[in-house]
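Input: a single structure, listed below in structure tokens.
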Amino acid sequence: MAFVRIGQFKALPDTTEQLRAIYETEAIPAIRAANGNISAVLLQQHQAPDTFMAITVWSRAEDAERYDRSGQAAAMVDKIRFAFAGPPSLSTYDAFGISQQA
């Protein structure tokens with residue numbers, strides 16, 4: 001069973017393009033390189049383009065926790081914090097039916 005983390009946040013006006021660029025070129029490659037990561041994506045909602053979900057899929061909860069403890073997760077959040085319209089929320093899930101390719 002895989003472990004999924006979903007961060008949700010709204011972006012300030014006129015920051016979405018820069019936020020996407022930073023997340024795609026810096027955060028996603030760093031997360032995908034972390035031990036135990038299966039996938040990392042950033043979703044931007046069609047109906048509300050200022051609304052985002054950052055989804056990471058991990059082989060085990062321990063892999064995600066190790067990534068957090070490394071300080072790398074906080075460093076990535078700091079790179080896009082300028083765009084947050086409010087505090088992000090984080091939810092975690094067990095995922096079924098995901099291939100464990102880490």
Side-chain angles (χ1 to χ4, degrees):
M1 166 177 49
F3 181 77
V4 177
R5 294 169 48 104
I6 300 177
Q8 295 179 290
F9 57 92
K10 287 191 178 277
L12 293 167
D14 301 321
T15 63
T16 59
E17 287 183 34
Q18 187 178 6
L19 180 150
R20 282 192 325 256
I22 292 169
Y23 202 90
E24 188 172 16
T25 61
E26 297 182 44
I28 289 175
I31 296 165
R32 288 184 179 168
N35 189 28
N37 182 262
I38 296 170
S39 181
V41 296
L42 179 67
L43 305 179
Q44 183 178 18
Q45 191 181 102
H46 284 187
Q47 298 82 0
D50 64 338
T51 302
F52 290 85
M53 290 175 56
I55 302 173
T56 58
V57 181
W58 302 87
S59 295
R60 303 171 307 147
E62 294 81 8
D63 296 322
E65 292 163 4
R66 183 176 47 255
Y67 176 74
D68 273 350
R69 285 192 308 271
S70 75
Q72 200 170 8
M76 289 301 150
V77 170
D78 285 345
K79 288 184 182 216
I80 60 170
R81 189 176 305 280
F82 72 91
F84 291 169
S89 67
L90 178 66
S91 302
T92 57
Y93 302 84
D94 289 330
F96 305 91
I98 293 177
S99 175
Q100 302 276 321
Q101 298 175 342

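The model shown is predicted, which means the values in this text are computed figures rather than measured ones.
- Annotation for D78: atom CG counts as buried by contact number, over 12 foreign heavy atoms lying within 6.0 Å.
- For the atom pair I98 CD1 and M1 CE, the distance stands at 11.0 Å (nearest 0.5 Å).
- When all heavy atoms are compared, the tightest approach of A85 to L12 is CA-CD2, 3.6 Å.
- L90 is not connected to Y93 by any chain of hydrophobic side-chain contacts under 4.5 Å among Ile, Leu, Val, Met, Phe, Trp and Tyr, and they are in different clusters.
- F3 is not listed as a side-chain neighbour of D63, based on a closest heavy-atom distance of 4.5 Å or more.
- Annotation for F82 and I22: closest pair CE2-CD1, 3.8 Å, computed over non-hydrogen atoms.
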Checking L42 against E24 for the side-chain contact (heavy atoms from CB on, under 4.5 Å) test, could you report, in this order, the C-alpha distance in whole Å, the side-chain angles of both residues, the deciding distance, and whether it holds? CA-CA 8 Å; L42 179 67; E24 188 172 16; over 6 Å; no
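- Counting only heavy atoms from C-beta outward, the side chains of L19 and F9 approach each other to under 4.5 Å.
- Below 30°, between 30° and 60°, or above 60°: for Y67 and W58 the angle between ring planes is between 30° and 60°, a tilted geometry.
- Checked by atom type and distance alone, the side chain of R32 pairs as donor or acceptor with a backbone atom of A40 at under 3.5 Å.
- The minimum heavy-atom distance between T16 and P49, with the atom names listed, is CG2-O, 3.7 Å.
- Expressed to the nearest 0.5 Å, how far CG of N37 lies from OG1 of T56 amounts to 6.5 Å.
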I'd like to know whether M76 forms a side-chain contact (heavy atoms from CB on, under 4.5 Å) with I80, so could you lay out the CA-CA distance, the side-chain angles of the two residues, the decisive distance to 0.1 Å, and finally the verdict. CA-CA 7 Å; M76 289 301 150; I80 60 170; over 6 Å; no
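- Listed here is the closest heavy atom pair of V4 and I6: CG1-CG1, 3.9 Å.
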Report the C-alpha separation of R60 and R66 in whole Å, then their side-chain angles, then the decisive distance to 0.1 Å, and conclude whether the side-chain contact (heavy atoms from CB on, under 4.5 Å) test is met. CA-CA 10 Å; R60 303 171 307 147; R66 183 176 47 255; 4.1 Å; yes
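- Residue A64 comes nearest to R5 through the heavy atom pair CB-CD, 3.5 Å, listed as atom of the first residue, atom of the second, then distance.
- Taking each heavy atom of T15 and A11 in turn, the nearest pair found is OG1-CB, 3.7 Å.
- The CZ atom of F52 sits 10.5 Å away from atom NZ of K10, with the distance rounded to the nearest 0.5 Å.
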